[in-house]
Protein chains: 2
Amino acid sequence: MLLEQMKLEDQLKTSNLPLARKLSLGILVTANYIDDRVAEALKPFDISIPQFNVLRILRGQKGKPANLSTIQERMVSKMSNTTRLVDKLISKGLAERVICESNRRKVEITITKEGLQLLEKTDPAVDAVEAEMTRNLTEEDIEYVTNCLNEIRK
Amino acid sequence: MLLEQMKLEDQLKTSNLPLARKLSLGILVTANYIDDRVAEALKPFDISIPQFNVLRILRGQKGKPANLSTIQERMVSKMSNTTRLVDKLISKGLAERVICESNRRKVEITITKEGLQLLEKTDPAVDAVEAEMTRNLTEEDIEYVTNCLNEIRK
DNA sequence: AAGTTTCATTTGTTCTAACAACATTTGTAC
DNA sequence: GTACAAATGTTGTTAGAACAAATGAAACTT
């Protein structure tokens with residue numbers, strides 16, 4: 001499975017692409033790699049990455065309900081149809097949705113006990129993947145790269 | 001449009017997330033950012049990013065036809081259904097497909113003159129986006145980050 | 001040389017994403 | 001208070017992705 005990327009890997013490492021393109025390609029390829037690894041770690045728990053991300057956002061609320069726009073603000077990808085994503089979580093019993101009483105346009109979404117329990121099981125798996133992926137990097141490397149990435153998005 | 005990411009951006013920059021997660025999140029968010037920017041640059045030309053990537057792969061063959069598996073090896077994402085992606089290019093007149101004579105299981109895909117002309121128009125737009133995104137980084141920064149990304153995928 | 005395995009691609013199906021149009025509630029201006 | 005605009009979600013539709021099964025061609029085995 002990883003061998004399938006070999007050819008592109010070679011291009012990235014040896015070719016004389018313009019630097020900016022090499023970086024951009026490197027980021028895209030690495031993001032894909034991370035997604036694959038995380039998705040694999042989540043597979044035993046029958047949950048997709050977007051669903052997992054929403055669940056973590058809900059947990060991050062620490063009991064305070066989130067409405068849809070809050071979730072969208074915190075998602076990594078734009079997620080045009082968050083409604084149906086939340087539907088999925090609800091149908092799995094991992095989240096709940098109530099119409100907000102003070103502003104009935106809004107909707108209050110919370111994570112259920114089952115959702116929290118699921119995250120407790122997935123956390124170690126995802127943490128392990130993340131730790132393994134960065135095993136060759138020092139703390140300084142990580143800080144440095146993170147800062148450079150922030151510069152790109154400025 | 002960029003304001004919508006503020007909340008997540010804040011998390012990334014200020015929060016005390018574990019370093020490995022901060023890096024992983026940073027890469028994913030940046031990859032999304034790049035995709036958005038490039039897609040925007042390609043919009044006037046009515047071509048999606050996957051289609052654009054295939055076209056560039058075909059051009060990189062310098063006349064030598066590519067078969068499907070070659071294309072897949074060079075794509076950033078796994079692309080389960082490359083057949084239909086190439087169909088799209090063909091229906092737009094940007095690529096051609098012939099059955100390989102020496103091994104009739106294979107298929108030979110080439111870029112057409114129209115495809116090349118399209119790329120000549122998109123190149124400056126995409127180059128500009130890439131240059132603009134890396135404007136705050138030095139060559140050393142880029143090399144350094146690229147190497148770190150390579151380490152992650154090892 | 002007939003049968004089995006492997007290779008390269010295609011096709012079918014199901015699920016998700018993107019985009020736009022719609023609905024409903026709230027806020028504001030007369 | 002009625003009218004109009006803005007905020008917040010939902011739904012419809014269309015296109016693309018994921019996965020598995022199927023097709024057809026070449027290679028291997030005995």
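Letters A, B, ... are given to chains in the order of the sequence lines, protein chains preceding strands, and every chain is numbered from 1. The figures that follow rest on heavy atoms only: side chains count, while hydrogens, waters and symmetry mates do not.
Contact of A:Arg84 with D:dG12 (side chain to base): a donor-acceptor pair of N or O atoms is detected under 3.5 Å.
When rounded to the nearest whole Å, the span between CG of B:Leu85 and P of C:dT11 equals 15 Å. Summarising the geometry, the separation between CD on B:Gln72 and C1' on D:dC19 is reported as 13 Å, rounded to the nearest angstrom. For the pair B:Ile90 CD1 and C:dT10 C1', the computed distance is 13 Å after rounding to whole Å. We find that CD of B:Glu73 is positioned 12 Å from C1' of C:dA8, with the value rounded to whole Å. B:Asp35 has its CG atom 13 Å from the C1' atom of C:dA17, to the nearest Å. The nearest whole Å value for the distance from the CG atom in B:Asp46 to the C1' atom in D:dT14 is 15 Å. If you measure from atom CD1 of B:Ile109 to atom C1' of C:dA8, you get 11 Å, rounded to the nearest angstrom. Remark: C1' of C:dA23 and CD1 of A:Ile99 are 13 Å apart, rounded to the nearest angstrom.
For A:Lys88, the listed nucleotide lying nearest its side chain is C:dT16; candidates were D:dA17, C:dT25, C:dT16. With C:dA17, D:dC19, D:dG9 as the candidates, the nucleotide lying closest to the side chain of A:Val107 is D:dG9. The listed nucleotides are D:dT10, C:dT10, C:dC19; the one nearest the side chain of B:Leu68 is C:dT10. Distance from the side chain of B:Pro50 is smallest to D:dA17 among D:dA25, C:dT16, D:dA17. Of the candidate nucleotides C:dT26, D:dA26, D:dA18, D:dA18 has the atom nearest to the side chain of B:Ser80. Closest to the B:Lys106 side chain, of the nucleotides D:dG16, C:dT9, C:dC19, is C:dT9. Taking the side chain of B:Thr83 as heavy atoms from C-beta on, and the options D:dT8, D:dC19, C:dT11, the nearest nucleotide is C:dT11.
In this structure, A:Ser69 reaches the sugar-phosphate backbone alone: every heavy-atom distance under 4.0 Å involves primed, P, OP1 or OP2 atoms, never a base. Contacts of A:Asn81 with the nucleic acid, taken as non-hydrogen atoms under 4.0 Å apart, include base atoms.
Contact check of residues 55-67 of chain A against DNA chain C (heavy atom, cut-off under 4.0 Å) returns no residues at all.
Taking a cutoff of 4.0 Å between a charged side-chain nitrogen and a carboxylate oxygen, B:Arg56 and B:Asp123 do not qualify as a salt bridge. A salt bridge does not link A:Arg37 to A:Glu40: none of the charged nitrogens lies less than 4.0 Å from a carboxylate oxygen. The residues A:Asp36 and B:Arg153 are annotated as not salt-bridged, no charged nitrogen and carboxylate oxygen being separated by less than 4.0 angstrom.
Comparing A:Asp87 and A:Asn103 along DNA chain D, the residue whose closest nucleotide (by nearest heavy atom) sits nearer the 5' end is A:Asn103. When the nearest nucleotides of DNA chain C are assigned to A:Glu101 and A:Gln51 by heavy-atom distance, the more 5′-ward of the two goes with A:Gln51. Between A:Ser48 and A:Ser102, it is A:Ser48 whose nearest contact on DNA chain C lies nearer the 5' terminus.
Of the side-chain N and O atoms in B:Arg104, none sit less than 4.0 angstrom from OP1 or OP2 of D:dA27. The phosphate of C:dT5 (OP1 or OP2) has no side-chain N or O of B:Arg105 nearer than 4.0 angstrom.
Looking at B:Asn81 and B:Thr83, their side chains never bring a donor and an acceptor atom within 3.5 Å of each other. Residues A:Lys78 and A:Gln72 have side chains that never bring a donor and an acceptor to within less than 3.5 angstrom of each other.
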| said: Assess the residue pair A:Asp127 and B:Arg21 against the criterion (salt bridge (Lys or Arg N to Asp or Glu O under 4.0 Å)); give the C-alpha distance rounded to whole Å, side-chain angles, the decisive distance to 0.1 Å, and a yes or no. | reply: CA-CA 8 Å; A:Asp127 290 350; B:Arg21 169 148 322 149; 2.7 Å; yes

| message | Between A:Asp46 and A:Lys92, is the salt bridge (Lys or Arg N to Asp or Glu O under 4.0 Å) condition met? List the steps. | response | CA-CA 10 Å; A:Asp46 259 306; A:Lys92 289 184 179 182; over 6 Å; no

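The backbone N or O of B:Val29 sits nowhere less than 3.5 Å from a side-chain atom of B:Asn32 that would complete a donor-acceptor pair.
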